[in-house]
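First listed ligand is number 1; within each ligand, the first listed atom is number 1. On a predicted model such as this, the values are computed, not experimentally measured, just so you know. Below, each value reflects all heavy atoms present in this structure, side chains not excepted, and no hydrogens, waters or symmetry copies.
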Amino acid sequence: MAEILNPRAGIGMTSARTRDRMIERLREQGIRDEIVLAAMGMVPRHLFVDQALESRAYEDTALPIGFGQTISNPYIVARMAELARHGENRHGQSLGRVLEIGLGCGYQAAVLGKLAREVVSMERIAALVGRTRVRLRELRINNVKPKHGDGMHGAKDFAPFDAIVIAAAFAEVPQALLAQLADGGRLVMPLGHATQTLCVVERQGDAYTERLHEGVKFVPLLPGVA
Ligand code: SAH
């Protein structure tokens with residue numbers, strides 16, 4: 001009945017059943033962490049894209065969110081969350097404070113928000129921050145804090161972070177961010193330019209271990225704000 005009263009609650013291609021099919025597909029694609037799968041099932045992805053694209057929200061594809069930026073496909077959002085929670089051991093950890101660089105439409109931040117106590121998410125495009133802040137408020141997602149700024153420098157005032165997730169590609173790991181990782185914390189990012197690889201850096205005391213995973217395709221991490 002709620003679906004009839006409020007169409008954006010989800011009918012047809014945006015229903016809970018469509019979301020369940022997305023979860024099944026993520027499982028087939030190799031996502032193993034049940035906590036991550038549950039988080040993906042809780043966040044209504046269609047409410048993070050333009051209404052015109054709603055019916056495609058659960059497809060395995062990146063979609064435009066304006067300003068030449070894209071929302072990552074569901075698999076990559078789940079995969080980065082899994083890597084942020086596991087590092088190299090297979091026991092997922094619940095996270096305290098997480099830093100995301102590249103808020104965009106807020107979808108990935110909302111998923112991370114289901115896995116962490118708090119998510120600080122930086123975005124360099126002011127207009128995107130404004131729009132996403134309103135959306136998060138409407139959806140009553142209160143533990144994601146959007147911040148306008150160049151994420152390359154991190155968010156020193158909120159450090160240390162149990163995990164840092166960068167949703168844009170860069171040729172090297174931004175050094176300022178490594179210093180903001182908590183002991184035992186992990187940074188997950190697409191490393192490279194034309195060819196990109198998902199990279200995880202884990203901190204143990206003053207030692208940092210870097211591991212490369214699968215190939216990916218992200219928009220570039222850009223300096224400065226817009
Ligand atoms: N996680 C987002 C994906 C957004 S795409 C989502 O779920 O929608 C990557 C985003 O990173 C873009 O919005 C882009 O503007 C932003 N970005 C690029 N360089 C940045 C920087 N230096 N600091 C902060 N945000 C940046």
Side-chain angles (χ1 to χ4, degrees), residues 22 26 36 39-40 42-50 53-54 56-84 98-116 119-136 138-139 141 143-159 161 163-178 180 187-193 196 198 216-226:
M22 177 184 80
L26 290 171
V36 169
M40 297 288 294
M42 277 188 265
V43 181
R45 186 170 159 92
H46 62 286
L47 299 184
F48 289 81
V49 297
D50 277 356
L53 293 170
E54 244 179 41
R56 304 192 52 202
Y58 295 96
E59 292 176 12
D60 189 19
T61 182
L63 292 170
I65 55 170
F67 308 96
Q69 306 303 319
T70 52
I71 177 175
S72 304
N73 72 54
Y75 171 78
I76 206 70
V77 172
R79 181 71 176 130
M80 286 179 109
E82 193 172 64
L83 289 170
V98 171
L99 175 65
E100 181 192 39
I101 311 294
L103 170 73
C105 70
Y107 175 71
Q108 181 164 36
V111 171
L112 290 169
K114 301 285 180 207
L115 305 168
V119 179
V120 176
S121 182
M122 303 201 59
E123 170 58 56
R124 64 183 291 278
I125 301 174
L128 261 178
V129 178
R131 196 194 277 179
T132 298
R133 188 172 276 137
V134 171
R135 174 180 292 128
L136 292 168
E138 281 171 3
L139 293 173
I141 296 172
N143 69 337
V144 174
K145 313 277 182 225
K147 303 275 172 212
H148 181 227
D150 180 354
M152 206 88 85
H153 309 293
K156 225 176 183 170
D157 294 351
F158 298 91
F161 299 100
I164 299 177
V165 176
I166 311 182
F170 200 60
E172 56 196 72
V173 180
Q175 293 302 303
L177 296 182
L178 292 181
Q180 295 178 21
L187 178 147
V188 185
M189 72 174 288
L191 194 64
H193 179 55
Q196 305 168 10
L198 212 48
V216 286
K217 183 98 194 80
F218 276 79
V219 296
L221 189 72
L222 297 173
V225 292

What is the closest protein heavy atom to [atom], and at what distance does it sit?
| atom | answer |
| --- | --- |
| atom 22 (N) of ligand 1 | Leu222 O, 2.7 Å |
| atom 9 (C) of ligand 1 | Ala167 O, 3.3 Å |
| atom 2 (C) of ligand 1 | Gly102 O, 3.3 Å |
| atom 23 (N) of ligand 1 | Gly151 N, 2.8 Å |
| atom 3 (C) of ligand 1 | Thr70 O, 3.5 Å |

> Once the angle between the rings of Tyr107 and Phe48 is folded into 0 to 90°, is it parallel (under 30°), tilted (30 to 60°) or perpendicular (over 60°)?
Replying inline: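 Taking Phe48 first and then Tyr107, their aromatic rings stand perpendicular (interplane angle over 60°).
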
> If you count the atoms of ligand 1 from 1 in the order shown, which ones are under 4.0 Å from a heavy atom of Asp150?
Replying inline: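 With Asp150 as reference, the close atoms of ligand 1 come out as 21 (C), 22 (N), 23 (N).
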
> Going by the order shown, which atoms of ligand 1 are within less than 4.0 Å of some heavy atom of Gly104?
Replying inline: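 With Gly104 as reference, the close atoms of ligand 1 come out as 4 (C), 8 (O), 13 (O).
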
> With the threshold set at 4.0 Å, does a side-chain nitrogen-carboxylate oxygen contact exist between Arg79 and Glu82?
Replying inline: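 Salt bridge present between Arg79 and Glu82.
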
> When you measure from the side chain of Glu59 to the backbone N and O of Thr61, does any donor-acceptor pair fall under 3.5 Å?
Replying inline: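 A pair under 3.5 Å: no.
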
Looking at non-hydrogen atoms alone, which of [options] comes nearest to [atom]?
| atom | options | answer |
| --- | --- | --- |
| atom 18 (C) of ligand 1 | Gln108, Arg124, Glu123 | Arg124 |
| atom 6 (C) of ligand 1 | Leu128, Leu63, Val165, Leu103 | Leu103 |
| atom 14 (C) of ligand 1 | Met122, His153, Gln69 | Gln69 |

>> Between ligand 1 and Ile71, is the shortest N or O to N or O distance under 3.5 Å?
In response: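 Looking only at distances, the answer is no, because the N/O contact criterion of under 3.5 Å is not met.
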
> Mind checking whether Cys105 has an N or O less than 3.5 Å away from an N or O of ligand 1?
Replying inline: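 There is such a contact, yes.
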
So [Y] and [X], do their side chains get closer than 4.5 Å, heavy atoms only?
| X | Y | value |
| --- | --- | --- |
| Val165 | Ile101 | no |
| Val49 | Cys105 | no |
| Ile166 | Val188 | no |
| Met122 | Pro146 | no |
| Lys147 | Lys145 | yes |

> Should Ala109 be listed as contacting ligand 1, given a heavy-atom distance under 4.0 Å as the test?
Replying inline: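 False for this residue.
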
